[in-house]
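Everything below concerns the one structure shown next.
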Amino acid sequence: MSADPYKQSLNDAVTRLIDIRELLFDATFQVAITNELKDWSDTVDVGEVHTIPKELLDSCSDTNVQLLAKLLTSVERTCESLLNLNNLDLQENV
């Protein structure tokens with residue numbers, strides 16, 4: 001644990017934002033694959049692994065996916081800003 005409680009609380013906040021980002025990405029992807037990306041999703045075999053870039057979600061036209069993707073971007077930017085403004089190391093938070 002960091003000797004500085006303020007820096008530690010910032011590290012904790014970044015760690016939580018990273019977790020939130022992952023949950024939000026998953027939720028956004030689930031919305032996308034039940035509507036706009038359903039045709040693709042239906043072709044994927046159970047157990048098949050794909051890496052889904054955020055840009056795929058950004059390119060969806062579904063208003064709900066767009067709202068969630070914007071929130072995802074906001075969480076990412078906030079996390080980056082906290083890291084940069086406070087000279088925090090991301091490796092300490094993963």
Side-chain angles (χ1 to χ4, degrees):
M1 183 186 280
S2 174
D4 180 357
Y6 183 69
K7 188 171 182 175
Q8 183 59 46
S9 68
L10 290 169
N11 273 316
D12 293 345
V14 168
T15 299
R16 287 187 177 110
L17 284 174
I18 291 168
D19 292 341
I20 289 167
R21 190 255 180 226
E22 183 177 327
L23 291 169
L24 185 55
F25 185 95
D26 290 346
T28 305
F29 182 66
Q30 288 301 313
V31 171
I33 65 171
T34 58
N35 187 26
E36 190 168 342
L37 300 178
K38 185 168 181 6
D39 289 343
W40 170 80
S41 176
D42 289 345
T43 67
V44 176
D45 292 329
V46 173
E48 199 171 317
V49 177
H50 293 269
T51 300
I52 307 300
K54 183 176 172 282
E55 292 76 20
L56 178 64
L57 300 175
D58 290 336
S59 70
C60 288
S61 61
D62 181 314
T63 302
N64 295 307
V65 172
Q66 284 299 305
L67 286 169
L68 291 166
K70 286 178 186 176
L71 181 58
L72 184 58
T73 298
S74 180
V75 169
E76 291 169 344
R77 287 182 180 158
T78 300
C79 189
E80 287 175 19
S81 293
L82 286 171
L83 289 167
N84 291 333
L85 288 170
N86 298 285
N87 198 28
L88 300 174
D89 183 9
L90 180 62
Q91 296 306 315
E92 295 173 10
N93 297 294
V94 287

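Side chains included, hydrogens not; waters and symmetry mates left out as well; all remaining heavy atoms used.
- By the criterion of side-chain heavy atoms lying less than 4.5 angstrom apart, applied directly or through intervening Ile, Leu, Val, Met, Phe, Trp or Tyr residues, I52 is grouped together with L37 in one hydrophobic cluster.
- Counting all heavy atoms, side chain and backbone alike, F29 lies closest to L57 at CA-CD2, 4.0 Å.
- The CD1 atom of I33 lies 12.5 Å from the CG atom of D39; values are rounded to the nearest 0.5 Å.
- Rounded to the nearest 0.5 Å, atoms CG (L10) and CG (N87) are 11.5 Å apart.
- The line from CG of L56 to CH2 of W40 is 7.5 Å long, rounded to the nearest 0.5 Å.
- Remark: A69 pairs with D58 by the side-chain contact (heavy atoms from CB on, under 4.5 Å) rule, at least two apart or across chains.
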side-chain contact (heavy atoms from CB on, under 4.5 Å) assessment of K54 paired with L72 | CA-CA 9 Å; K54 183 176 172 282; L72 184 58; 3.7 Å; yes
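- Residue pairs meeting the side chain to side chain donor-acceptor pair (under 3.5 Å) criterion with at least one member in residues 16-30, sequence neighbours excluded: R21-E76.
- Side chain of Q66 to main chain of C60: a donor-acceptor pair is present (N/O by atom type, distance under 3.5 Å, no hydrogens or angles).
- Taking SG of C79 as the start and CG of L17 as the end, the distance is 5.5 Å to the nearest 0.5 Å.
- Taking each heavy atom of L88 and L82 in turn, the nearest pair found is CD1-O, 3.8 Å.
- Taking OG1 from T78 and CG from L83, the interatomic distance works out to 11.0 Å, rounded to the nearest 0.5 Å.
- Evaluation of the side chain to side chain donor-acceptor pair (under 3.5 Å) rule for N35 yields D62 as partners, not counting sequence neighbours.
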